Amino acid sequence: MNEKIRMMYSEAQVDARIRELGAAISADLDGEEVHLVCVLKGASFFACELAKRMTVPVYMDFMCVSSYGNGTRSSGEVRIVKDLDTSVEGKHVLIAEDIIDSGNTLHFLLEEFRKRGAADVKICALLSKPDRREADVTADYIGYVIPDVFVVGYGLDYAQKYRNLPYIGVLDI
Ligand code: IMP
Ligand code: MG
């Protein structure tokens, strides 16, 4: 393995951006409790940091999904690997996601939480690669819009590696 990682956003930059997101989301919620759904595993670092920067009551919940991008299944099919612990019926749901790529995962989750009767469903993504979009998904809050590169760190992995890097880097394979 000869992978090189080039720094894109430092730990200090990411932390400062998450503070801004937390403040903006808290202002919009205006004191209402939010059901913060962390999409495992990639969003775990982001969701925890975001929750720390929010000033409204936060109920943290975790969901793990996997998507079939190729093979015999149609592209974009998403499967629930680990479901939420609690019903989202009547709740203000905020999905915390590491990165929006094709948008298929978030498209599925939006539909799913609406079906389950959430009062509203919003999306906060640390990163977004709009050039790669297949599904029609728009996030309410985005940390950084980036070009079509492969990024790792701050929860994002390459074959399960590099999640624990404290910064966001571009992987050159
Ligand atoms: P999609 O939006 O359904 O295509 O899937 C997004 C998921 O793909 C993210 O939650 C990540 O787990 C993964 N992903 C997409 N782009 C990257 C990347 O650049 N680095 C690491 N993981 C990525
Ligand atoms: Mg993910």
Side-chain angles (χ1 to χ4, degrees), residues 1-11 13-15 17-18 21-22 25 35-51 60-84 88 93-116 118 121-173:
M1 287 277 171
N2 250 339
E3 298 127 20
K4 284 212 176 79
I5 296 163
R6 186 159 47 82
M7 167 102 70
M8 192 178 212
Y9 298 109
S10 70
E11 182 176 23
Q13 282 176 310
V14 177
D15 288 350
R17 184 71 189 112
I18 295 175
L21 292 172
I25 293 165
H35 201 95
L36 182 63
V37 173
C38 168
V39 185
L40 296 171
K41 301 173 186 172
S44 52
F45 292 59
F46 172 51
C48 292
E49 203 56 35
L50 184 66
M60 290 194 77
D61 214 336
F62 298 85
M63 191 151 177
C64 187
V65 291
S66 76
S67 52
Y68 302 99
N70 45 34
T72 53
R73 308 253 182 175
S74 66
S75 152
E77 188 178 331
V78 179
R79 185 173 59 97
I80 298 173
V81 176
K82 181 227 173 286
D83 208 337
L84 300 178
V88 294
V93 173
L94 178 67
I95 305 173
E97 176 63 307
D98 52 359
I99 188 164
I100 317 177
D101 189 34
S102 70
N104 290 326
T105 305
L106 281 171
H107 179 78
F108 169 84
L109 289 176
L110 274 174
E111 293 284 300
E112 184 66 24
F113 297 149
R114 282 177 185 149
K115 264 192 265 173
R116 294 182 188 190
V121 188
K122 295 215 161 123
I123 295 171
C124 183
L126 179 58
L127 298 159
S128 174
K129 291 196 268 196
D131 297 348
R132 302 256 310 166
R133 211 69 89 243
E134 290 168 16
D136 183 19
V137 169
T138 30
D140 301 276
Y141 309 93
I142 293 173
Y144 302 102
V145 175
I146 61 166
D148 183 11
V149 291
F150 198 84
V151 285
V152 293
Y154 220 94
L156 292 131
D157 74 303
Y158 170 66
Q160 300 300 323
K161 284 200 297 187
Y162 309 121
R163 284 193 202 280
N164 59 316
L165 290 179
Y167 57 87
I168 295 169
V170 178
L171 185 75
D172 297 316
I173 304 167

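Since the model is a prediction, treat every value here as computed from it, not as a measurement. Ligands are counted one by one from 1 in listed order, and the atoms in each one are counted from 1 as well.
- Contact annotation for L156 and ligand 1: only side-chain heavy atoms (C-beta onward) come within less than 4.0 Å of the ligand.
- Only the side chain of K129 comes within 4.0 Å of ligand 1, counting heavy atoms alone; its backbone N, CA, C and O stay farther away.
- Within the structure, ligand 1 lacks V39 among the residues with a heavy atom less than 4.0 angstrom away.
- With a heavy-atom cut-off of 4.0 Å, E134 does not touch ligand 1 at all.
- Contact annotation for V149 and ligand 1: only backbone heavy atoms (N, CA, C, O) come within less than 4.0 Å of the ligand.
- Partner of L109 under the side-chain contact (heavy atoms from CB on, under 4.5 Å) criterion, chosen from I80, V37, V39: V39.
- Taking every non-hydrogen atom of E97 and a distance limit under 4.0 Å, the qualifying atoms of ligand 1 come out as 10 (O).
- Legend: residues meeting salt bridge (Lys or Arg N to Asp or Glu O under 4.0 Å) with D15, ordered by chain and number and at least two apart, are absent.
- For the ligand labelled ligand 1, residue G103 lies inside the 4.0 Å heavy-atom shell.
- Residue contacts with ligand 1, taken as heavy atom pairs separated by less than 4.0 Å, involve D98 solely via side-chain atoms from C-beta onward.
- Using a 4.5 Å heavy-atom threshold, the side chains of K122 and I25 count as separate.
- Looking at V152 against ligand 1, nothing comes within 4.0 Å, counting heavy atoms.
- For the pair F150/E3, no side-chain contact is recorded, criterion being any heavy-atom separation below 4.5 Å from C-beta on.
- In this structure, OG on S128 lies 4.0 Å from CD1 on I142, to the nearest 0.5 angstrom.
- At under 3.5 Å, a nitrogen or oxygen of T105, whether backbone or side chain, sits near a nitrogen or oxygen of ligand 1.
- Heavy-atom neighbours of K4 NZ from other residues, nucleotides or ligands within 6.0 Å: at or below the threshold of 12.
- More than 12 heavy atoms of other residues, nucleotides or ligands shown are found within 6.0 angstrom of CG on D148.
- When each atom of ligand 1 is checked for a heavy atom of D157 under 4.0 Å away, the hits are 21 (C).
- Partners of Y9 under the ring pair (Phe, Tyr, Trp, His ring centres under 6.0 Å) rule, at least two apart in sequence or in another chain, are Y144.
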